[in-house]
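The figures here come from the full heavy-atom set of this structure, side chains too, leaving out hydrogens, waters and symmetry mates. Naming: A, B, ... by sequence-line order, numbering from 1 per chain.
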Number of protein chains: 2
Amino acid sequence: MADNGSGAAPSGRRKRADARRNEVTLLDAAAAAFVAAGVDVPVRDIAARAGVGVGTIYRHFPTRADLIVAVYRHQVEACAEAGPALLADGGTPHAALARWIDLFVDFLVTKHGLAEALQSDDAAFQSLHAYFIDRLVPVCGQLLDAAAAAGEIRPDIGAYELLRGVGNLCVGAGGNPRYDARRLVELLIAGLRLH
Amino acid sequence: MADNGSGAAPSGRRKRADARRNEVTLLDAAAAAFVAAGVDVPVRDIAARAGVGVGTIYRHFPTRADLIVAVYRHQVEACAEAGPALLADGGTPHAALARWIDLFVDFLVTKHGLAEALQSDDAAFQSLHAYFIDRLVPVCGQLLDAAAAAGEIRPDIGAYELLRGVGNLCVGAGGNPRYDARRLVELLIAGLRLH
DNA sequence: CACGATACGGAACGTTGTTCCGTTTGCCAA
DNA sequence: TTGGCAAACGGAACAACGTTCCGTATCGTG
């Protein structure tokens, strides 16, 4: 899983050494740029930071979304894996759900502009959207099902809808002291509860 | 209030006839363009629709936000005025709040891209943001205070925060059948309730 | 070492928002 | 009525951005 470059190995061909080197350089530069200027940072800035041309970025990451996914893949995986773990941890399913959502919110609000990008219907972000959906909706669904089966929450809400709502609440949550996304998400989860 | 063009009369000077004519043409064209292509429709498209040059738009409406505000001012006013009316209508304050929020949600979800623009931290949308805040936060605060005074809701949530959360939930609510902003807002309001 | 495939750099293109200025036009006074 | 000037207009021009493209450089292999 970590011999070739990028994600899936097309067949058996090994990438050129400079290409593999540039890929990690690019990931580092992008991560730094995202922290410094948000995920909307101009592609040229990332290229400059990495000391490469913009063409190199697009060869490695056909869309901006692919770059974002690559940068955050580890953290998304960690979040996804935390779902079943929380469920098994002993508390009520609703508590597990609340804690998992908290993890998700923490992730989103610390990545400047990521929540915005996630909700954008721009075609360029489609693969970002798809990745988050594919990876996190099943996990959320599992938590939701468990809580519903335990009779703790109303059963008429879908995992996609909830996750998207939570993501939406995190939009613009950076820095503004008058807007605390966490509290609103808490309210939303509270509203899910039966009685 | 309707003798001069635009909003506030600078001093006593009457605008030229063609300028006044162009202003209403522009408002009509913008309204139509917003419906057809969302509030992010390119300025050039609006200009073409109105049969004027882009310069004319910028003279009348220095920023895109000013144009949006002008187009929707009537509806925002109506929403603002509905707040006290609902409160006086006899139901519980919480019911009045819920119905008012519903009005706000209806307004937002039917204006393609408006919710997104509202949350954008782009400097160009600052005056849009400011107008909505100025006009609606006090109304929402009044409803919130009444409900809190009646002991129906937890008192630790601000009007700005709530309105912004609701606005956020409306982002991307157009057309997607798997995402029903209204239901999530309902959940949020339910979560506000004590017990 | 030579040569083909691979990858690179950055110029160039298309799309936007916004500004600027030469030209036109409405309005008022003479 | 007409002359002149401030107001308003149109759209070319600029800047910032994402994305594509292709001539050039480099790697790895025979």
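Taking every side-chain heavy atom of Tyr58(B) into account, dG17(C) is the closest of dC9(D), dG18(D), dG17(C). Side chain of Val54(A), nearest nucleotide from dG18(D), dT19(D), dT18(C): dT19(D). Distance from the side chain of Val52(B) is smallest for dG10(D) among the nucleotides dG10(D), dG18(D), dT16(C).
For the pair Phe61(A) CZ and dT19(D) P, the computed distance is 14 Å after rounding to whole Å. Distance CZ (Arg59(B)) to P (dG22(C)): 15 Å, rounded to an integer number of Å. Between the CG atom of Asp18(B) and the P atom of dC28(C) there is a distance of 12 Å, given to the nearest Å. Atom pair Ile68(A):CD1 and dG18(D):C1' shows a separation of 13 Å (rounding to whole Å applied). In this structure, Arg14(B) places its CZ atom 8 Å from P of dC27(C), rounding to the nearest Å. With rounding to whole Å, Ile46(B) atom CD1 is found 14 Å from dT18(C) atom C1'. At whole-Å resolution of the value, CZ in Arg21(A) and C1' in dC27(D) are 10 Å apart. Rounded to whole angstrom, the span from the CZ atom of Arg16(B) across to the P atom of dA8(D) amounts to 6 Å.
Residue Asn22(B) places at least one side-chain N or O under 4.0 Å from the OP1 or OP2 atom of dC9(D). Between Thr56(B) and dG10(D) there is a side-chain polar atom (N or O) within less than 4.0 angstrom of OP1 or OP2. Checking the phosphate oxygens (OP1, OP2) of dC8(C), a side-chain nitrogen or oxygen of His60(A) falls inside 4.0 Å.
Taking the six-membered ring for Trp and thresholds of 30 and 60 degrees, Tyr72(B) and Phe107(B) have ring planes more than 60 degrees apart, a perpendicular arrangement.
Side chains of His129(B) and Arg164(B) form a contact here, defined as non-hydrogen atoms less than 4.5 Å apart. Looking only at side-chain heavy atoms (C-beta outward), His94(A) and Ile189(A) come within less than 4.5 Å of each other.
Note on Ala124(B): only backbone sugar-phosphate atoms sit closer than 4.0 angstrom, heavy atoms only; bases stay farther off.
Ranked by how close their nearest DNA chain C nucleotide is to the 5' end, Val41(B) and Ala17(B) are led by Val41(B). Nucleotides of DNA chain D nearest to Asp45(A) and Gly55(A) differ in position, and the one nearer the 5' end is that of Asp45(A).
Not a single donor-acceptor pair, N or O on each side, falls under 3.5 Å between the base of dT15(C) and the side chain of Arg44(B).
Figure legend: cation-pi geometry between Arg73(A) and Tyr131(A), with NZ or CZ positioned under 6.0 Å from the six-membered ring centre and within 45° of its axis.
Remark: side-chain polar atoms of Thr56(A) are not paired, donor with acceptor, to backbone N or O of Val52(A) under 3.5 angstrom.
Note on Glu77(A) versus Arg135(A): salt bridge recorded, some NZ/NE/NH1/NH2 to OD/OE distance being below 4.0 Å. The pair Glu161(B)-Arg178(A) does not count as a salt bridge, with every side-chain nitrogen at least 4.0 angstrom from each carboxylate oxygen.
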- Item | Structure string for DNA chain C in dot-bracket form, Watson-Crick and G-U at under 3.5 Å, | interchain | ||||||||||||||||||||||||||||||
- Please assess Val171(B) against Val171(A) for the test side-chain contact (heavy atoms from CB on, under 4.5 Å), listing each intermediate value before the final yes or no. CA-CA 9 Å; Val171(B) 167; Val171(A) 168; 5.7 Å; no
